[in-house]
Amino acid sequence: MEPATMAWTLAAAGFALVYWFVWVMGAAEVQGKRAVDLQMGSIADDKVGDRYSQYWSFFRSPKETAAAATADKVPAFVDTFYNLVTDIYEWGWGQSFHFSPSLPGRSHREATRVHEERVADLLEARPGKRLLDVGCGVGGPMRAIAAHSGSDVVGITINEYQVNRARSHNRKAGLDKQCEVVCGNFMAMPFPDASFDGAYSIEATCHAPRLQDVYGEVFRVLKPGGLYVSYEWVTTPLYRADDPEHVEAIHGIERGDALPGLRRQDEIATVAKEVGFDVVKELDLALPPALPWWTRLKMGRLSYWRNSLVIRALTLLRVAPKGVSEVHEMLYETAHHLTRGGETGIFTPMHMVLLRKPATAAE
Ligand SMILES: C=C(CC[C@@H](C)[C@H]1CC[C@H]2C3=CC[C@H]4[C@H](C)[C@@H](O)CC[C@]4(C)[C@H]3CC[C@]12C)C(C)C
Ligand SMILES: C[S@@+](CC[C@H](N)C(=O)[O-])C[C@H]1O[C@@H](n2cnc3c(N)ncnc32)[C@H](O)[C@@H]1O
């Protein structure tokens, strides 16, 4: 072969390979975000590195001091975290930022949907009802619940970038009449007392330093007799604080998921009662016969390697901002800790509580 022909052939093959990796394989999750659109939320490209170090500095001080001194700073720290991870989550996972038990013969997408529709059913949601989504992300659950039940849903998230993503997805799904999104802190919500028929939170309240603060707010904005369902991230009774492997997994989960400190399973109902709720039902949805929720994380080294390579290539080409690779590495490690938490049974992301605000003060 002529050297020139050889060079052209190699260049064409190289281009095809890059195209396949970035555009075809780059959309890791069907209909998710494309790799070429990865941003770091509302952080300017040249500030990503700073914000990433800022995120880590939260975990540097000893835990007890950090907990007391930094409770007020948690919402800002969580906001930074979601600026860093939202696009990677959407790209590699989809529009619902949570886990669900695997379902035999059904796709992850279907299992996710079933887990979300269960919330609507528990709340007895139907047309004419107004629900609150506490920590709504980019609105995957909100759209599924609104479509399944016909009710109206208002979501709240601390992260402005997510508000814009959620609104845009709502419009595209034709659900913007039913679904509304507000930027705010779920520990001080901008809603009047007794303004919702029902409320739910999916894997979100674990970001609150004190569960009382968010449960108290949900209690306030619910109408008397209103139901609240929450899927909580907690350690289970199998967790042993004197087992270094357990401690490593739990700390790994906290560091990679912007958590001020995981709670124990038995704390949830106690706090709920403390703020005035009646506990209607409580169940860890991860327990058998449910199939493991963490198998989806074991998407295989090849997929992680592929995603990592796509991100590195895009950073090199300056399509993706510098720092995305570090954040991706952090998530890769987090996936390992979450998997260990699931396999050992010391952690569950779906401890479900169904709570009811008493219908009358006397009740
Ligand atoms: C509820 C929370 C988030 C839960 C999950 C949605 C996310 C937890 C860990 C995330 C991920 C880990 C590995 C990433 C992988 C390296 C990348 O290539 C593609 C995206 C991941 C799979 C990513 C997706 C979302 C998670 C599973 C917390 C924050 C309270
Ligand atoms: C893991 S995501 C789950 C999102 C959504 N529930 C879902 O399942 O797709 C956690 C969400 O909680 C929100 N959040 C965390 N702390 C918050 C706070 N103090 N006020 C409002 N939202 C908060 C985050 O912004 C994010 O949207």
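Just follow the structure's listing: the first ligand is 1, and inside any ligand the first atom is 1. Starting from 1, each residue takes its place in the sequence as its number.
Of the protein's non-hydrogen atoms, the one nearest atom 5 (C) of ligand 2 is Gly135 O, 3.3 Å. The protein heavy-atom contact nearest to atom 19 (N) of ligand 2 is Asn185 OD1, 3.0 Å. Among all protein heavy atoms, the one lying closest to atom 20 (N) of ligand 2 is Phe186 N, 2.8 Å. Among all non-hydrogen protein atoms, the one lying nearest atom 2 (S) of ligand 2 is Tyr82 OH, 3.3 Å. Among all non-hydrogen protein atoms, the one lying nearest atom 25 (O) of ligand 2 is Thr157 OG1, 2.8 Å. Taking atom 26 (C) of ligand 2 as the reference point, the nearest protein heavy-atom neighbour is Gln162 OE1, 3.5 Å.
In terms of polar-atom proximity, Ile202 is counted as a contact of ligand 2, with an N or O under 3.5 Å from an N or O of the ligand. Ligand 2 has an N or O atom lying under 3.5 Å from an N or O atom of Phe97, backbone or side chain. Checking only distances, Tyr332 never comes within under 3.5 Å of ligand 1, N or O to N or O.
Remark: Arg113 does not engage Glu110 in a salt bridge, criterion side-chain N to carboxylate O under 4.0 Å. Taking 4.0 Å as the cut-off between side-chain N and carboxylate O, Arg340 and Glu245 count as a salt-bridged pair. Between Asp197 and Lys223 a salt bridge is recorded (basic side-chain N to carboxylate O distance below 4.0 Å).
Residue Ser96 approaches ligand 2 through these ligand atoms, each under 4.0 Å from one of its heavy atoms: 9 (O). Taking a cut-off of under 4.0 Å to the non-hydrogen atoms of Phe97, the atoms of ligand 1 that pass are 1 (C), 6 (C). Each of the atoms 27 (C) of ligand 1 lies under 4.0 Å from some heavy atom of Leu297.
Residues Glu116 and His98 bring a donor and an acceptor atom of their side chains to less than 3.5 Å of each other. With hydrogens and angles left out, the side-chain atoms of Ser96 and Thr112 include no donor and acceptor closer than 3.5 Å.
Under a 4.0 angstrom heavy-atom cut-off, Gly184 registers as being in contact with ligand 2.
Using a 4.5 Å cut-off on side-chain heavy atoms (C-beta onward), Val353 and Tyr231 make no contact.
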